[in-house]
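What follows is a short report on a single structure.
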Amino acid sequence: MDNPKVRVRYAPSPTGMLHVGGVRTALFNWLFARKMGGAYVLRIEDTDLARSTEESVEQLKSSLRWIGLDWDEGPEIGGDHGPYRQTERFDLYREAAKKLLDTGHAYHDFATTEELAALRDKARTEGRPPIYTGGEYRDMEPRETQNRIEAGEPYTVRFKTPREGQTVVEDLIRGPVTFENVNIEDFVIMKSSDTPTYNFAAAYDDAAMEMSHVIRGDDHLSNTPRQVLIHEALGYGLPAFAHVPQVLGPDKKKLSKRHGAASVEEFAEQGILPEALFNYLALLGAGYAADEEIFAPNELAKRFRIEKVSGNPAVFDEKKLTAINAVYLHRQSPEELAMLAAPMLAESGTVDAAELQHDMPRLTQIMALLKERLNRATDIPDSVTYFYGGELEYDPEEFQKQFDKEFVKENFPELVARLEALPDWTEATIEEAIRGLAAEKEKGARHLIHPLRFAVTGRTVSAGLFETLQLLGRERSLLRTRHAAEKLRQLPTQ
RNA sequence: GGCCCCAUCGUCUAGUGGCCUAGGACAUUGCCCUCUCACGGCGAAAACCCGGGUUCGAACCCCGGUGGGGUCACCA
């Protein structure tokens, strides 16, 4: 389904980290472009000189790449419709503004910020909507305008919005959305600094870059009639619009930092795999059939249908993200997980870097044993600690709970002895020793297994005890069981 | 407040007038498996916001209300 005419874009403003809401719209654009065989372009909307930073641009790009949303045209890649940063397109906007001025679609406005604020206040107190229609400037004599400009009076350029009629936004997700023109004020297109406003730059660029579809957050829906007006005034055709709903926090408010993790980087730090975030976000409100939900990017793209995207806002559910992440984690091979784990272990200081170096095979075996139990990559360091190091510290209370039993006191030393006497240290021989002893004493094996597990891992939960013991190794296992047996002797007899 | 959008289990959703005694997934929970945990298997509880229409028949269509969200800048 190749369609070179299909062109979509993700157009973030580099004023912070890439937000999950942002990735999701980027994701929908990417999915749509892939599905249609069109182009997905990245455009940086950095016209707000005060808030845009180079650091954000870099973060944006790396976050996008991390999750796998590579762009076909844009910064670093180039393309036929560049430049792709709005700060590099100022001349184009000035030219377009001039065209609008010349054709009577825009005018110079000399009202000061203070005057405008006063007007708004007045309207508000009178209970009228504060819609600015240019006053004396809207239809000022060209001569007069010229004089003021030459006198050095500051001005903005405003769009001359029709005072009657309506503007209809044809939205792929919501159908036609109608706006009365009287409710749209004469908005600024060029600031007094001779730089464009968002609405103007975005509309111009979408036209100039020949976007066929504009897929973006629905917080832009109320801006859209203005952009439609600009397209029409400039004489360009309209792209199709699709406004996707916001991503909300559990309190149904727009998702933000105070809901915990909200940026792509934070999720990465919290042990979320890129493919898991990708999959989860794609599912969120995209209207895929619900029978299955683990899909690779290309599969997601194949099934994507923009008109199926739900119109209602979706609550971001970390639990479900974690569940999907667990699926992806479990699918990794032990080798891949070991590669993932090694740097984490070294960094957290759980394991000596040198030891890791020469013992990747063992780490791999450990990961094979543990992977079913992982939910997030960040679970790894804590879950492997007891596979390394020597004697363990025991929580006194739990120790008592595990060992202060008649049967354990009587038989644990014997268990230790039998383990020590084992000719081969394998899962099978270990199991046989333990079960054998339990059988002789006519007790369930669990009466030995639980205290042994605690002795050897310092925990009450772990993977299967026999395989764990084997992987722990004879030395370490015996060191710890002896240590535990020693402590057991010191337990006060009551 | 004006304008705009939205409304099915706690959450994401399926559903486009009869197939719905409303399906799935996550979360919750019972049981089974079992050396604990996890996995897996089998169950349970859990929703069509309200009120009017239209229709032989509405979760699905229309209107109103209510609720939630967005937006009202020389920010994007």
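Hydrogens, waters and symmetry mates are skipped; everything else that's a heavy atom, side chains included, is used. Order of the sequence lines fixes the chain letters, A, B, ..., with proteins taken first and strands second; residue numbering starts at 1 for each chain.
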(request) Would you classify A:Gly217 as touching base, sugar-phosphate or nothing, given that sugar-phosphate means primed atoms plus P, OP1 and OP2, and contacts are heavy atoms under 4.0 Å? (result) nothing
(request) May I ask you to decide if the ring planes of A:Phe403 and A:Phe412 are parallel, tilted or perpendicular, using 30° and 60° as cut-offs? (result) perpendicular
(request) Using heavy atoms to find the nearest nucleotide of RNA chain B for A:Leu321 and A:Pro129 separately, return the residue whose nucleotide is more 5′. (result) A:Pro129
(request) Take the protein atom CD of A:Glu431 and the nucleotide atom P of B:U36, then report the distance between them rounded to whole Å. (result) 13 Å
(message) If you assign A:Arg435 and A:Ser310 each to the RNA chain B nucleotide with the nearest heavy atom, which residue ends up on the more 5' nucleotide?
(response) A:Ser310
(message) Between P on B:A14 and CG on A:Leu284, what's the gap in Å once rounded to a whole number?
(response) 12 Å
(request) Describe the nucleic acid contact of A:Phe179 in one word from base, sugar-phosphate, nothing, applying a heavy-atom distance below 4.0 Å. (result) sugar-phosphate
(message) How close do A:Asp46 and A:Ser52 get, counting heavy atoms only, and between which atoms?
(response) CA-OG, 3.4 Å
(request) Take the protein atom CD1 of A:Ile184 and the nucleotide atom P of B:G2, then report the distance between them rounded to whole Å. (result) 18 Å
(message) Among residues at least two apart in sequence or on other chains, which ones pass ring-ring contact (aromatic ring centres under 6.0 Å, His included) with A:His213?
(response) A:Phe32
(message) Classify A:Ala463 by what it touches in the nucleic acid, base, sugar-phosphate, or nothing, heavy-atom distance under 4.0 Å.
(response) base
(message) Generate the contact string for nucleotides 60-66 of chain B. Rules: B means base contact, S means sugar-phosphate contact only, - means no protein heavy atom under 4.0 Å.
(response) -------
(message) I'd like the C1' distance from B:C48 over to B:G10, given in whole Å.
(response) 16 Å
(request) Give one of base, sugar-phosphate or nothing for A:Gly311, where a contact means two heavy atoms less than 4.0 Å apart. (result) sugar-phosphate
(request) Once you apply the 3.5 Å cut-off to both distances, tell me the Watson-Crick or G-U wobble partner of B:C31, or none. (result) B:G41
(message) Which nucleotide, if any, forms a Watson-Crick or G-U wobble pair with B:A46, using both distances under 3.5 Å?
(response) none
(message) Measuring only the C1' atom in each nucleotide, how far is B:A45 from B:U36? A whole number of Å is fine.
(response) 28 Å
(message) If I pick the C1' atom on B:C60 and the same atom on B:C3, what distance separates them, to the nearest angstrom?
(response) 28 Å
(request) Identify which one of A:Leu101, A:Asp194, A:Val188, A:Thr197 satisfies the side-chain contact (heavy atoms from CB on, under 4.5 Å) criterion when paired with A:Val157. (result) A:Leu101
(message) Mind checking if A:Ala445 touches a base, just sugar-phosphate, or nothing, with heavy atoms under 4.0 Å?
(response) nothing
(message) Rounded to whole Å, please give me the gap between CZ in A:Arg305 and P in B:U16.
(response) 13 Å
(request) May I ask you to verify if any side-chain N or O of A:Lys401 is less than 4.0 angstrom from the OP1 or OP2 atom of B:U36? (result) no
(message) When the P atoms of B:G15 and B:G57 are compared, how many Å lie between them, rounded to an integer?
(response) 26 Å
(message) Expressed as a whole number of angstroms, how long is the span from A:Arg459:CZ to B:A38:P?
(response) 15 Å
(message) Suppose we screen for salt bridge (Lys or Arg N to Asp or Glu O under 4.0 Å). Which residues come up paired with A:Asp206, at least two apart in sequence or across chains?
(response) A:Arg9, A:Arg43
(message) Could you tell me how far B:A27 sits from B:U11 if I compare only their C1' atoms? Round to whole Å.
(response) 8 Å
(request) Treat primed atoms plus P, OP1 and OP2 as sugar-phosphate and everything else as base, then score nucleotides 69-76 of chain B 5' to 3': B for base contact with protein heavy atoms under 4.0 Å, S for sugar-phosphate contact only, - for none. (result) SSS-SBBB
(message) Taking B:G52 as the reference, what is the distance to B:A44 when you measure between their C1' atoms (whole Å, please)?
(response) 37 Å
(message) Without decimals, in angstroms, what is the distance between A:Ile272 CD1 and B:C26 C1'?
(response) 14 Å
(message) Within the supplied structure, the quantity of interest is the number of heavy atoms (other residues, nucleotides, ligands) at a distance under 6.0 Å from A:Glu397 CD; does it exceed 12?
(response) no
(request) Kindly say whether the aromatic ring centers of A:Phe304 and A:Phe28 come within a distance under 6.0 Å. (result) yes
(request) Using the P atoms only, state how far B:C62 lies from B:G69, rounded to an integer number of Å. (result) 25 Å
(message) Please report the distance, rounded to the nearest Å, between NZ in A:Lys319 and C1' in B:U13.
(response) 18 Å
(message) Students often get this wrong, so: under 4.0 angstrom with heavy atoms, is A:Thr15 touching a base, only sugar-phosphate, or nothing?
(response) nothing
(message) Strictly by ring-ring contact (aromatic ring centres under 6.0 Å, His included), give each pair with a member in residues 161-181 of chain A just once, sequence neighbours left out.
(response) none
(message) Rounding to an integer number of angstrom, what distance separates B:G67 and B:C49 when you compare their P atoms?
(response) 16 Å
(request) Write down the partner of B:A22 under the Watson-Crick or G-U wobble criteria, each distance required to be under 3.5 Å. (result) none
(request) Go ahead and name the base partner of B:G1; Watson-Crick or wobble counts if both distances stay under 3.5 Å, otherwise write none. (result) B:C72
(message) Looking only at the side chain of A:Arg174 (C-beta and beyond, no hydrogens), which of the listed nucleotides B:C3, B:C35, B:C6 gets closest?
(response) B:C6
(request) For A:Lys308, report the nucleic acid contact type (base, sugar-phosphate, nothing); a contact means any heavy atom under 4.0 Å. (result) sugar-phosphate
(request) Let me know the distance between CZ of A:Phe316 and C1' of B:G10, rounded to the nearest Å. (result) 17 Å
(request) Considering just the side-chain nitrogens and oxygens of A:Asn312, establish if one lies under 4.0 Å of OP1 or OP2 belonging to B:C12. (result) no
(message) Between the side chains of A:Lys371 and A:Glu336, is the shortest nitrogen-to-carboxylate-oxygen separation below 4.0 Å, so that they form an ion pair?
(response) no
(request) Please say whether the positively charged group of A:Lys443, taken as NZ for Lys or CZ for Arg, lies over the ring of A:Phe407, i.e. under 6.0 angstrom from the six-membered ring centre and within 45 degrees of the axis. (result) yes
(message) Classify the ring geometry of A:Phe200 against A:Tyr204: parallel below 30°, tilted from 30° to 60°, perpendicular beyond 60°.
(response) tilted
(request) Quick one: list whatever passes side chain to side chain contact (heavy atoms under 4.5 Å, CB included) with A:Val168, sequence neighbours left out. (result) A:Glu170, A:Pro176, A:Thr178
(request) Sort out the partner of B:G67 for me: Watson-Crick or G-U wobble, both distances under 3.5 Å, none otherwise. (result) B:C6
